[in-house]
Amino acid sequence: MSRKQPKKVDPLEQLHVYNDRVQRLKENELSTTGFGASFTLNFDNTGDNPSMTTTIQEPRRDLLTGFLGVFRQFINNNEQINQYKIFKTLHLCLTDEQLKSELVKARADWSRLMKGDGMSLIYNGKVLTPIFLTDMWINDALHSDIEEPEKEAILKHMLPHERGIMRVKFFNCVHNACRIIAYVDFVITKARAEGLIDVTRYR
C-alpha cells in the first residue's frame with residue numbers, strides 16, 4: 001500500500017490564511033475588552049472552623065468559545081498556520097534580514113511561553129506546562145474528544161482551587177500568545193505589501 005503524500009504547502013496561501021485568522025481574532029469582542037479573568041483564593045482562620053473559598057471570574061462562554069475555535073489553529077500541529085510552521089515559512093521566504101532577526105527572537109519568546117511562565121505547577125507529580133493546560137482547556141471548551149487519559153483525569157478530579165489556578169495559567173498563556181501572533185501578523189502584512197517575500201526560497 002502506497003503511503004499518502006503530504007499536501008504541498010503554498011507559502012503565500014499559508015500566510016494569507018494566517019492574516020485571515022488573526023483578523024477573525026480581532027473581530028471577537030474579547031480582543032478589545034480582554035478576558036477579564038480573575039481568581040481569588042480566600043483563607044479564613046478567624047473562627048473555630050478554618051475555611052478556604054475560591055472565586056473565579058471568566059469571560060462570556062459564547063465569546064470565549066468563538067475565540068478559542070480560531071486560536072487553537074495557531075497551536076495545533078495539524079493546522080497549516082501552526083505558529084512554528086509560520087516561523088519556518090517566514091525564515092525561508094523573507095528577504096529582509098532585519099525582520100528575520102526579529103522573528104528569531106519572537107520564535108524564542110513563543111517557545112519559552114509554551115514551556116513555562118515563571119510559575120511551576122505540579123499536579124500529582126507532573127509539571128503542567130502552559131501549552132499542556134491550554135490544549136486541555138481548549139478541548140474542554142470546544143467539547144473535543146480528548147484522547148489523553150491524563151488530561152481527562154485532571155478535568156474530572158481537580159478541586160475548585162486547582163481549577164482556578166489552572167484557568168489563570170491558561171488565560172495568561174492565551175493572552176501572551178496573542179501578543180506574539182499579532183506581531184507576526186504585522187510582519188506578514190508588511191512583507192506582503194512591500195514585496196519582501198520570495199516563495200522560490202521555500203523548500
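Worth saying up front: this structure is predicted, and the values here are computed from it rather than measured.
Ile165 and Phe43 fall within the same hydrophobic cluster, defined by Ile, Leu, Val, Met, Phe, Trp and Tyr side-chain heavy atoms under 4.5 Å apart, directly or through other members. The hydrophobic cluster containing Met119 also contains Phe35, counting ILVMFWY residues as joined when their side-chain heavy atoms lie under 4.5 angstrom apart, directly or transitively. Linking ILVMFWY residues whenever their side-chain heavy atoms come closer than 4.5 Å, directly or via other members, places Ile154 and Leu142 in the same cluster. Under the 4.5 Å side-chain heavy-atom criterion for grouping Ile, Leu, Val, Met, Phe, Trp and Tyr, Val104 is not connected to Tyr18 through any hydrophobic cluster.
With contacts defined as side-chain heavy-atom distances shorter than 4.5 Å, the pair Thr53/Thr40 does not qualify. Between Phe67 and Val174, the closest side-chain pair of non-hydrogen atoms falls below 4.5 Å. Side-chain atoms of Met114 and Thr129, non-hydrogen and from C-beta on, never get closer than 4.5 Å to each other. Using a 4.5 Å cut-off on side-chain heavy atoms (C-beta onward), His157 and Tyr123 make contact. Considering only heavy atoms from C-beta on, Lys190 comes within 4.5 Å of Leu99 through its side chain. Looking at Asn42 and Thr55, their side chains never come closer than 4.5 Å, going by heavy atoms from C-beta outward. With a 4.5 Å cut-off on side-chain heavy atoms, Leu128 and Lys169 do not count as touching. Residues Ile188 and Ile86 form a side-chain contact, since some pair of their non-hydrogen atoms from C-beta on lies under 4.5 Å apart.
Environment of CD in Glu13: crowded, with over 12 heavy atoms of neighbouring residues, nucleotides or ligands closer than 6.0 Å.
Thr32 places a side-chain N or O within donor-acceptor distance of the main-chain N or O of Glu29, the cut-off being under 3.5 Å. Side-chain N or O atoms of Lys26 include none that pairs as donor or acceptor with a backbone N or O of Ser31 at under 3.5 Å. At distances below 3.5 Å, at least one donor-acceptor pair connects side-chain atoms of Asn28 with backbone N or O atoms of Leu63. Side-chain N or O atoms of Asp20 include none that pairs as donor or acceptor with a backbone N or O of His16 at under 3.5 Å. No side-chain donor-acceptor contact under 3.5 Å links Ser101 to the backbone of Glu97. A donor-acceptor distance shorter than 3.5 angstrom exists from the side chain of Gln14 to the backbone of Gln80, with no hydrogens or angles considered. A donor-acceptor pair is defined here as one N or O able to donate and one able to accept, closer than 3.5 Å; no such pair exists between the side chain of Lys100 and the backbone of Cys93.
For the pairing with Leu68, the side-chain contact (heavy atoms from CB on, under 4.5 Å) check across Leu64, Thr65, Val70 returns one residue only, Leu64.
Ring geometry for Phe71 against Phe74 counts as tilted: the plane angle lies between 30° and 60°, on a 0 to 90° scale.
As a member of the Ile/Leu/Val/Met/Phe/Trp/Tyr network built from side-chain separations under 4.5 Å, Val127 groups with Ile122.
Checking Asn76 against Asn82 by side-chain atom types alone, no donor-acceptor pair falls below 3.5 Å.
With sequence neighbours left out, Asp96 forms a side-chain hydrogen bond (donor to acceptor under 3.5 Å, both in side chains) with no residue at all. Qualifying side-chain hydrogen bond (donor to acceptor under 3.5 Å, both in side chains) partners for Tyr84, counting only residues two or more places apart in sequence or in other chains: Ser111.
The pair Arg24-Glu27 does not meet the salt-bridge criterion, since no charged nitrogen lies less than 4.0 angstrom from a carboxylate oxygen.
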Given Met136 and Leu133, is the side-chain contact (heavy atoms from CB on, under 4.5 Å) satisfied, shown in steps? CA-CA 5 Å; Met136 180 183 78; Leu133 291 171; 3.9 Å; yes
Go through Ile75 and Trp110 one step at a time and tell me if the side-chain contact (heavy atoms from CB on, under 4.5 Å) criterion holds. CA-CA 10 Å; Ile75 64 172; Trp110 181 271; 3.9 Å; yes
Applying side-chain contact (heavy atoms from CB on, under 4.5 Å) to Leu30 and Arg60, what does each step give before you reach the verdict? CA-CA 9 Å; Leu30 294 180; Arg60 273 173 36 195; over 6 Å; no
Evaluate the side-chain contact (heavy atoms from CB on, under 4.5 Å) criterion for residues Arg179 and Asp109: first the C-alpha distance (whole Å), next the side-chain angles of each, then the deciding distance (0.1 Å), finally the verdict. CA-CA 11 Å; Arg179 295 175 64 181; Asp109 289 341; over 6 Å; no
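For the pair Lys126 and Phe132, the cation-pi test (distance below 6.0 Å, angle within 45°) is passed.
Considering CG of Asp44 and CG of Asn49, their distance stands at 10.0 Å, rounded to 0.5 Å.
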